[in-house]
Amino acid sequence: MELQKVIEEIRNGKIVLVYDFDDRERETDMVIASEFITPDVIKKMRKDAGGLICTTTPYRIAKELGLPFMSDVFFDDNGKYPLLKAMAPTDIPYDNTRSSFGITINHRGTYTGITDNDRSKTISEYARTIFSSASADERKYQLGKNFRAPGHVHLLNTSENILETRKGHTELATALMMMASVKPSATICEMLGDDGNAMKKEETIAYAKKNGYLFLEGNDIIEEWKRR
């Protein structure tokens, strides 16, 4: 797969399919730049992919704005809720690092937050807010003013040194956004099969061909990332 074609698709607001690795999750995610999210994209993800719809945040931005890893929030509260410490994600079978899950949010302008329209609004406004040219303090103010937590959009924070200590879909998709020079937040959703497991790689490749999507693997992204 010529990665430049994938990058052009991303710049044009299109979905691409990203498979991670045979020795990791062995999953394919639908991936799109968060700034281009629409209700139709949310509908496509929930109907054709079926996994959890999540939105990524680069580590630097998350740190700057005080958007925590959820595991850190749980750990910090373990004095009051000791069970949270016992449930720490220290045994993820495909990953030796902590979970990338951050907090969950809804835009305050949504109703329940779960509909295609609501999730689209939350994601697009979130991307617009965190990457605005305003100061960090102003962006923090806007996040507090315009978003509530918890909500129905799951945020994912990348690792600090992207694609070095962790090479999950959070990092792979965010690196793609960076290479495409769009706002470096991706919205992603795992593709699930009808057998109760992740959709097999060959099935996602066939789906991509049938529906006109570009498919690439994690190694393609890492090789280009290192080259750049």
Side-chain angles (χ1 to χ4, degrees), residues 6 9-10 12-20 24-57 70 94 99-130 146-158 168-174 176-177 180 182-218:
V6 173
E9 288 286 272
I10 291 169
N12 290 326
K14 305 296 185 182
I15 290 172
V16 298
L17 306 187
V18 177
Y19 177 82
D20 63 343
R24 198 175 182 279
E25 289 181 329
R26 299 186 295 277
E27 291 179 356
T28 300
D29 280 22
M30 284 188 171
V31 173
I32 190 171
S34 298
E35 65 182 286
F36 298 125
I37 208 78
T38 65
D40 283 344
V41 170
I42 299 294
K43 180 171 71 174
K44 174 66 69 175
M45 286 181 163
R46 67 175 173 81
K47 291 175 74 70
D48 286 13
L52 195 63
I53 298 174
C54 302
T55 296
T56 74
T57 308
M70 202 66 226
Y94 55 83
S99 167
S100 63
F101 276 111
I103 62 172
T104 59
I105 61 171
N106 283 343
H107 193 275
R108 293 188 189 273
T110 63
Y111 191 58
T112 65
I114 193 60
T115 64
D116 298 338
N117 290 335
D118 279 359
R119 280 192 279 184
S120 174
K121 182 179 181 66
T122 295
I123 293 167
S124 58
E125 288 297 311
Y126 175 75
R128 185 187 65 80
T129 301
I130 66 170
N146 295 316
F147 296 86
R148 64 175 76 97
H152 292 85
V153 171
H154 292 259
L155 300 182
L156 303 172
N157 295 342
T158 73
H169 275 103
T170 302
E171 287 76 23
L172 293 169
T174 305
L176 268 180
M177 302 304 119
V182 297
K183 292 183 175 67
S185 168
T187 294
I188 65 179
C189 184
E190 307 95 339
M191 300 188 74
L192 304 182
D194 294 330
D195 60 354
N197 297 304
M199 189 180 290
K200 294 179 176 60
K201 179 164 67 171
E202 57 268 24
E203 293 177 351
T204 61
I205 292 172
Y207 173 90
K209 290 179 179 177
K210 179 180 178 180
N211 293 278
Y213 294 119
L214 296 183
F215 174 95
L216 73 162
E217 300 194 29

Please round to the nearest 0.5 Å and tell me the distance separating atom OG1 of T204 and atom CG of N211. 11.5 Å

Are T158 and T170 linked by a side-chain donor-acceptor pair shorter than 3.5 Å? no

4.5 Å side-chain heavy-atom contact, M70 and I103: yes

Rounded to the nearest 0.5 Å, what separation is found between the CG atom of N197 and the CZ atom of R26? 9.5 Å

Answer yes when K200 and D195 have at least one side-chain N-carboxylate O distance shorter than 4.0 Å, and no when they do not. yes

What one should report as the nearest heavy-atom pair of F36 and G13 is CD1-CA, 3.3 Å

Mind checking whether F101 and N157 have side chains closer than 4.5 Å, heavy atoms only? no

Which heavy atom in I10 sits nearest to a heavy atom in A180, and how many Å separate them? CG2-CB, 3.8 Å

Kindly write out the residues that satisfy ring pair (Phe, Tyr, Trp, His ring centres under 6.0 Å) with Y213, not counting sequence neighbours, or none if the list is empty. Y207

State whether the side chain of S185 and the backbone N or O of T56 hold a donor-acceptor pair below 3.5 Å, judged by distance alone. yes

So CD of E9 and CG of L216: to nearest 0.5 Å the spacing works out to 11.5 Å

Evaluate the side-chain proximity of I123 to I42: yes if any heavy-atom separation is below 4.5 Å, no if none is. yes

side-chain hydrogen bond (donor to acceptor under 3.5 Å, both in side chains) between T38 and S120: does it pass, once the steps are laid out? CA-CA 5 Å; T38 65; S120 174; 5.7 Å; no

Heavy-atom check, side chain of V6 versus side chain of L176, under 4.5 Å: yes

On a heavy-atom basis, which atom in I53 and which in C189 lie closest, and how many Å separate them? CG1-SG, 3.8 Å

From E202 atom CD to Y19 atom OH, the distance as rounded to the nearest 0.5 Å: 9.0 Å

Do T55 and H154 pass the side-chain contact (heavy atoms from CB on, under 4.5 Å) test, and can you show the C-alpha distance, the side-chain angles, and the key distance before you say yes or no? CA-CA 6 Å; T55 296; H154 292 259; over 6 Å; no

Closest approach of H169 and V18, non-hydrogen atoms and distance? NE2-O, 2.8 Å

For D48 versus M30, what's the shortest heavy-atom pair and its separation? CB-CE, 3.8 Å

Scan K47, R46, K43 and name whichever one has a salt bridge (charged side-chain N to carboxylate O under 4.0 Å, His left out) with D116. R46

Note, F147 side chain near E125 side chain (heavy atom, < 4.5 Å): yes

Would you check if E190 and T28 make a side-chain contact, meaning some heavy-atom pair closer than 4.5 Å? no

Taking all non-hydrogen atoms of both residues into account, name the closest pair between A186 and M177 and its distance. CB-CG, 3.9 Å

Does N146 reach the side chain of R108, with side-chain heavy atoms less than 4.5 Å apart? no

Under 3.5 Å donor-acceptor, D20 side chain and E27 backbone: yes

Taking the side chain from E35 and the backbone from K183, do they hold a donor-acceptor pair closer than 3.5 Å? yes

Between K201 and E217 (salt bridge meaning N to carboxylate O under 4.0 Å), is one present in this structure? yes

Say you draw a straight line from CE of M45 to CG of D40; how long is it, rounded to the nearest 0.5 Å? 12.5 Å

Could you tell me which residues satisfy side chain to side chain contact (heavy atoms under 4.5 Å, CB included) with T110, sequence neighbours excluded, listed by chain and number? N106, H107, D118, K121, T122, R148

Given Y126, which of I37, V153, L155 fulfils the side-chain contact (heavy atoms from CB on, under 4.5 Å) condition? L155

Going by heavy atoms in the side chains, are K44 and I15 under 4.5 Å from each other? yes

Give, for atom CG of L17 and atom CE of M191, the distance between the pair rounded to the nearest 0.5 Å. 5.5 Å

